[in-house]
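One structure is given below, encoded as structure tokens.
Basis for what follows: all heavy atoms, side chains included, without hydrogens, waters or symmetry-related copies. Worth saying up front: this structure is predicted, and the values here are computed from it rather than measured.
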Amino acid sequence: MNIFNLRPKEFQIVGILLSMFFSISVASITGATVRDAIFLIEFNKTYLSIMYVVIAITITFIIEAYKKLITKKSQYALMTAFNVFFIISLLLFHFNLKGWAIPLFYIWIEIITVITILQFWMLCGNLLNTRQAKRIFPIITAGGSLAAISTGFLMKPFVNEYGTDNLILLTILSLLFTLFTLQILKPYLRVTNDNDKESSRNKKSQSNNLSNSYLKYIGMMVACGAFITKIIDYQFKVMAANTFPEQNSLVSFFATYYIYTGAATLLMQSILTGFILTRFGILAGLLILPTAIMFGSTGFLILGSISAVFILKFSDQVFKFSVNNSVKEILWLPVKTIKKNSAKPMIDGSLKSIIEGFSGATIFLLVFFNLIPDTKIYLLSFIVIPFAFYWCWNSFKIKKGYLSEIIKSIDNRHLDLNEIEFDINDSNTIKALNSALESGDDFKKLFAINLLHDLPTFPFKENIRKQLYDGSQEI
């Protein structure tokens, strides 16, 4: 029995992509652990918030430069060149990781993570079509969770034996393995057609504003998440550094965190996310992360302990990379492709980076002017809780907007039938599809029936029977 729902010809390519994402995730985790441990021990913790600001600005420029660089370039050649460059740069940092090289290394690791993950998903888009992606992406994504679990177990004995500084060698080895898997993938890569003329036509017709209220609600959700996540990240790392002032013990703590979050995220991705969205609908998926953050931040505010902030960070990471990410992708399905291609990079890229930078600046000003002392970092939760509450309120607006967009999509017949996923338990969704089936527009009826192809038909059986009966009467 094929439990992964893969075609015979897909096993090899999925195995290679899973291995590649695993190695990229290991590189990201080990690199982030080294930079956090060394920076938090060697530098004033207040400067961590400044790193958020600098990274946000740097990544914005890096992404824009990369988008221009990839024009008419081979994905294989670009990935090979960047990985080789990253490996050489990490070797140089390894032999000179002291003084001001430490904050530069902190920023550089973030750049490596962003670029390698961006390249990987672009590579997947070149290798897999939409139907394959729906089945295969969840399997590949599980590689990140497996990497977190295995890396967490590996880091403790490695650091005890070789020290924190040498953990960067695991990052280098992981990138080398990424290069190896890339060579194996080379025969599978398709030659990308030159669509520059088409792209330029699309760009002219794209609107770069968020005049659509539905997109504004999505933007507010992403902004709240970006702002809150950076504050939680700061609380977690500062509390960890205060509790574990020695580098190796700090790395061991981070390793434990990765083990638990990796295992929980894998469980959520493989079993619970689908169940939550199918059984309770899209609103539950939207609310679960901000609600968990509200309760977690309240607990940290009351207790102010390392265990409380551990649970808060744990909840943020696990729900973000499982239920929340799945819901975010579903929210874009009813949006026209041309509008999505314009708005999604702006919201998930530029807006997210700007808000993360703003969050870092806010933390720095509060701590620098001693409005929130370093020893009372839990007081930042007073900011997190109202933002999380607004996030919950905004979720109801998003659901309403999502249902409106579905109705518009049915009216205009522009949904991608390969991608669409409906919340069949939602009464408004059922009402929208029934309305289409009852309309006098034959094309709208056919479109709605096409959408119902892979869905349970019991909510619509009366309408379907009526349409079939009416059709037979006409014949």
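Taking each heavy atom of Ala361 and Val53 in turn, the nearest pair found is N-CG2, 3.3 Å. What you find for Val26 and Ser174 is that their closest heavy atoms are CG1-OG, 3.0 Å. The two atoms that bring Ile231 and Val384 nearest to each other are CG2-CG2, 3.5 Å, heavy atoms only. Between Ala240 and Phe254, the closest heavy-atom pair is CB-CE2, 4.2 Å. What you find for Leu215 and Ile347 is that their closest heavy atoms are O-CD1, 3.8 Å.
The aromatic rings of Tyr402 and Tyr214 are tilted relative to each other, their planes meeting at an angle between 30° and 60°.
No side-chain donor-acceptor contact under 3.5 Å links Ser297 to the backbone of Met294. No donor-acceptor pair under 3.5 Å is formed between the side chain of Thr265 and the backbone N or O of Gly262. Looking at Thr58, its side chain does come within 3.5 Å of a backbone N or O of Val54 through a donor-acceptor pair.
Here the CD1-NZ distance, from Ile55 to Lys230, works out to 6.0 Å after rounding to the nearest 0.5 Å. Note that OG of Ser322 and CD1 of Ile271 are 12.0 Å apart. Values are rounded to the nearest 0.5 Å. Rounding to the nearest 0.5 angstrom, the gap separating the CG atom in Leu17 from the CD1 atom in Ile24 is 9.5 Å. Note that CD of Gln119 and CG of Leu123 are 9.0 Å apart. Values are rounded to the nearest 0.5 Å. In this structure, CD1 in Ile363 is found 8.0 Å from CG in Leu366, a value given to the nearest 0.5 Å. Rounding to the nearest 0.5 Å gives a distance of 11.5 Å between CG of Leu170 and CD1 of Ile29.
Scanning for salt bridge (Lys or Arg N to Asp or Glu O under 4.0 Å) contacts around Lys397 gives an empty result, with sequence neighbours left out. A search for side chain to side chain donor-acceptor pair (under 3.5 Å) contacts involving Tyr76 returns Gln183, not counting sequence neighbours. Every residue two or more places apart in sequence or in another chain that forms a salt bridge (Lys or Arg N to Asp or Glu O under 4.0 Å) with Lys344 is listed here: Glu329, Asp348.
Within 6.0 Å of atom OH in Tyr66, more than 12 heavy atoms from other residues, nucleotides or ligands are found, so the atom counts as buried in its surroundings. Lys400 NZ: 12 or fewer foreign heavy atoms inside a 6.0 Å radius.
Using a 4.0 Å cut-off between a side-chain N of Lys or Arg and a carboxylate O of Asp or Glu, Glu356 and Lys352 qualify as a salt bridge.
Looking at Ser326 and Gln269, their side chains never bring a donor and an acceptor atom within 3.5 Å of each other. There is a side-chain donor-acceptor pair under 3.5 Å between Thr30 and Thr171.
Residues Phe253 and Phe236 place their aromatic rings such that the two centres sit under 6.0 Å apart. In summary, the aromatic rings of Tyr258 and Phe153 are positioned with their centroids too far apart to meet the 6.0 Å limit.
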- Task: Mind running ring pair (Phe, Tyr, Trp, His ring centres under 6.0 Å) on Phe314 and Tyr260 for me, showing each step along the way?
- Result: CA-CA 8 Å; Phe314 173 87; Tyr260 283 115; 7.3 Å; no

- Message: Pair Trp121, Phe21 - check ring pair (Phe, Tyr, Trp, His ring centres under 6.0 Å), show working.
- Response: CA-CA 9 Å; Trp121 289 115; Phe21 192 60; 5.5 Å; yes

- Steps toward side chain to side chain contact (heavy atoms under 4.5 Å, CB included) verdict (Leu78, Gln75): CA-CA 5 Å; Leu78 274 174; Gln75 281 186 322; 5.8 Å; no

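If you run ring pair (Phe, Tyr, Trp, His ring centres under 6.0 Å) between Trp393 and each of Tyr390, Phe389, Phe396, Trp391, only Tyr390 comes through.
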